[in-house]
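Labels below follow one simple rule: chain letters A, B, ... track the order of the sequence lines, proteins then strands, and each chain is numbered from 1. Heavy atoms only: backbone and side chains are in, while hydrogens, waters and symmetry mates are out.
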Amino acid sequence: MANEETIIQFRGATKVYKLRKKEVLAVDKLTLDVEKGEVFGIIGYSGAGKSTAIRMINQLEALTSGKLTVLGQDVGRLNESQLKALRAEIGMVFQLFNLFNAKTIAKNIEFPLKLAKWTPEKRKARVAELLDFVGMSDKANVYPPELSGGQKQRVGIARALATNPKILLADEVTSALDPETTIDVLNLLKKVNKEFGVTIVMITHAMNVASYICDKIAVMDDAKLVEFGTAAEIFTAPKHPTTVRFVKTATESDVSDKILSELVVRHPDLAPEIDDLFKEVHNV
Amino acid sequence: MFEHIIIESTATGSTNWEYLTPLLNRAVFETLYMVAMTIGIGGVIGLLLGLVLYSTRPSNLFQNTVVYRVLDFVVNVIRPIPFIIFLTAIRPLTISVIGTSIGTDAAVFPMVIICSVATSRIVEQNLVGTDPGIIEAARSMGCSRMRTLFTVLIPEALSPLILGYAFLFVAVTDMSAMAGMIAGGGLGDFAISYGYRQMDDVVTWVAIAIIIVFVQLVQQLANFFAKRLLHK
Ligand SMILES: Nc1ncnc2c1ncn2[C@@H]1O[C@H](COP(=O)(O)OP(=O)(O)O)[C@@H](O)[C@H]1O
Ligand SMILES: [Mg+2]
């Protein structure tokens, strides 16, 4: 049994895409618990089924079989209005931002508030608050095409947080950003997690990103969950071959120093192992 | 026989504008009327059909293979028919709807049909070009399908849609020139009757000039708004 703090519970969750000629098994009997307040990472290669799995949480993809409980509700049994209510509790941020280009930054952030039927005064105050939180107050009346990638993602995060969701889904949100901006955005997500207690489920194919921000990491390979553990466990003692390869790429990356030092701060107990990794990276 | 006409025409000398001006005014009015009616009615029907075409496509908001296939087929059948043939071919339908098969309104009816069909394709193609991620974002916020279509998708595609409608405008003006075939009047009819048949090229050129100015005006206006809406 999952404990009371379990906010997302996959139980044999399976997704099969039926195409004209063949069937694609995208997620195969995924069983996983995400606890309230944690930053949960899903890593894996392209095509492993990560996006499909995360999209099950807000029902952008229906399950073919199995069960998924989110915030205490069996998502497979929700009608349209219950689903709408659930989606107001779950924000989502995307790799290519998916901002509404025809709407200003302020209107983008306001959109989910309109859907949730907030009054105009409350919407205005909330938009101002969010713009301030992501440091974009000066861009309120600008249109998305005028922003840099990092700025777009800040707006994406502000928009996803508008209705005070309990869960934030982040699908490759730093994959289109350069290393410096990646760190900025990850720090912003950390702040969201710490200050608002928002549970974050994030997908990445970059191990260094996962190790920088995630408390727990699930590794997916070929539609299946192949390894699961705390970030420190995964990083220092990977078991599955896919995980091993991921850890290796992380230590070879250009942002790895920052991440390794971050790991030391977060896991002082693992300092010697991390130090070894650091030496390995720099060949000393 | 032809020689006779040529001789007679050149014999009359310079164009009689005193006589032609009221006829030209009337022709301009008829063209404006036909184009406005066609774009007004056909443009709206076409927008709705285009939304249906787009949203019933596989993996789109209202995915429905049967509806998509049927509508797609109808559009494909009607669209390539040359207007001049279509105009005559649907005569019985025109009579039953408009009450007559000659005159301006009898020309507008087939124009509306062709315009609806052409618009639906233009709308569909412009919507297909919008980023599906934007729809996904709206859906993830709990935005209903209908609301996503009208408050997210259309605003996102507005700039190319405006240019698409400007393109249609030219096509509809083109169609309206054939209305003379069924006594529909308009600038095309004017140019044929008083320019071509009277061998008075100046009259034809005046009619062309008016159409060019008219089309340019609309195109420039469309370009202006389309650019403003791009926010780039
Ligand atoms: N809408 C879809 N229709 C058909 N197949 C899909 C669809 N979405 C994803 N897939 C397939 O499912 C598998 C998993 O995809 P995805 O969840 O996007 O993986 P990841 O996010 O890990 O790259 C892939 O083989 C992909 O081609
Ligand atoms: Mg993916």
Side-chain angles (χ1 to χ4, degrees), chain A residues 17-20 51 54-55 57-61 78 80-105 107-117 141-147 155-156 159-163 165 167-171, chain B residues 47 51 54-66 68-69 72 123 126-165 222-232:
Chain A
Y17 288 109
K18 290 186 178 64
L19 303 179
R20 205 168 289 170
S51 294
I54 208 174
R55 289 155 54 87
I57 298 170
N58 60 357
Q59 283 294 288
L60 287 178
E61 295 295 352
L78 301 179
E80 191 70 21
S81 74
Q82 291 169 317
L83 191 57
K84 186 178 171 186
L86 180 74
R87 283 173 173 167
E89 300 281 2
I90 307 173
M92 191 164 193
V93 195
F94 307 86
Q95 175 174 5
L96 296 175
F97 327 114
N98 295 354
L99 299 180
F100 307 131
N101 290 326
K103 295 177 171 58
T104 62
I105 302 311
K107 293 279 180 206
N108 263 273
I109 300 173
E110 193 188 16
F111 191 77
L113 299 172
K114 276 188 177 167
L115 293 177
K117 299 196 166 70
N141 298 316
V142 157
Y143 288 87
E146 291 173 43
L147 303 183
V155 175
R159 186 178 67 175
L161 292 175
T163 53
I167 300 170
L168 187 68
L169 307 178
D171 191 347
Chain B
L47 176 66
L51 285 172
Y54 166 79
S55 59
T56 55
R57 275 173 163 249
S59 85
N60 281 5
L61 285 168
F62 295 96
Q63 175 176 350
N64 188 321
T65 319
V66 176
Y68 181 76
R69 290 252 176 91
D72 185 56
V123 169
N126 282 319
L127 294 180
V128 165
T130 58
D131 176 9
I134 281 162
I135 293 173
E136 184 159 287
R139 296 289 289 152
S140 79
M141 294 169 199
C143 191
S144 73
R145 291 166 208 272
M146 273 298 174
R147 196 158 175 179
T148 302
L149 210 54
F150 287 98
T151 68
V152 175
L153 195 75
I154 292 183
E156 286 299 314
L158 205 52
S159 183
L161 278 177
I162 287 175
L163 293 178
Y165 273 92
N223 288 352
F224 172 76
F225 283 112
K227 202 166 172 192
R228 284 259 330 241
L229 285 165
L230 266 185
H231 307 302
K232 278 188 179 143

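Once rounded to the nearest 0.5 Å, the distance linking NZ of A/Lys103 with OG1 of B/Thr151 reads 5.5 Å. Once rounded to the nearest 0.5 Å, the distance linking CG of A/Asn58 with OG of B/Ser140 reads 6.0 Å. How far CZ of B/Arg139 is from CZ of A/Arg87: 5.0 Å, rounded to the nearest 0.5 Å.
Annotation: side-chain hydrogen bond (donor to acceptor under 3.5 Å, both in side chains) contacts of B/Thr148 (sequence neighbours excluded): none.
Proximity to chain B (any heavy atom under 4.5 Å) is restricted, for A/Ile90, to the backbone atoms N, CA, C and O. No part of B/Ala157 comes within reach of chain A, as not one of its non-hydrogen atoms sits under 4.5 angstrom from that chain.
Residue B/Pro155 comes nearest to A/Ala102 through the heavy atom pair O-CB, 3.4 Å, listed as atom of the first residue, atom of the second, then distance. Taking both residues in full, the closest heavy atoms of B/Leu230 and A/Pro145 are given as O-CG, 4.4 Å, listed atom of the first, atom of the second, then distance.
A heavy-atom distance below 4.5 Å is not found between the side chains of B/Met141 and A/Thr163.
Within residues 91-101 of chain A, the residues having any heavy atom less than 4.5 Å from a heavy atom of chain B are, in residue-number order, A/Met92, A/Phe94, A/Asn98, A/Leu99, A/Phe100, A/Asn101.
Atom CZ of B/Arg69 is surrounded by 12 or fewer heavy atoms from other residues, nucleotides or ligands within 6.0 Å. In B/Phe225, the CZ atom is not crowded: 12 or fewer heavy atoms of neighbouring residues, nucleotides or ligands sit closer than 6.0 Å.
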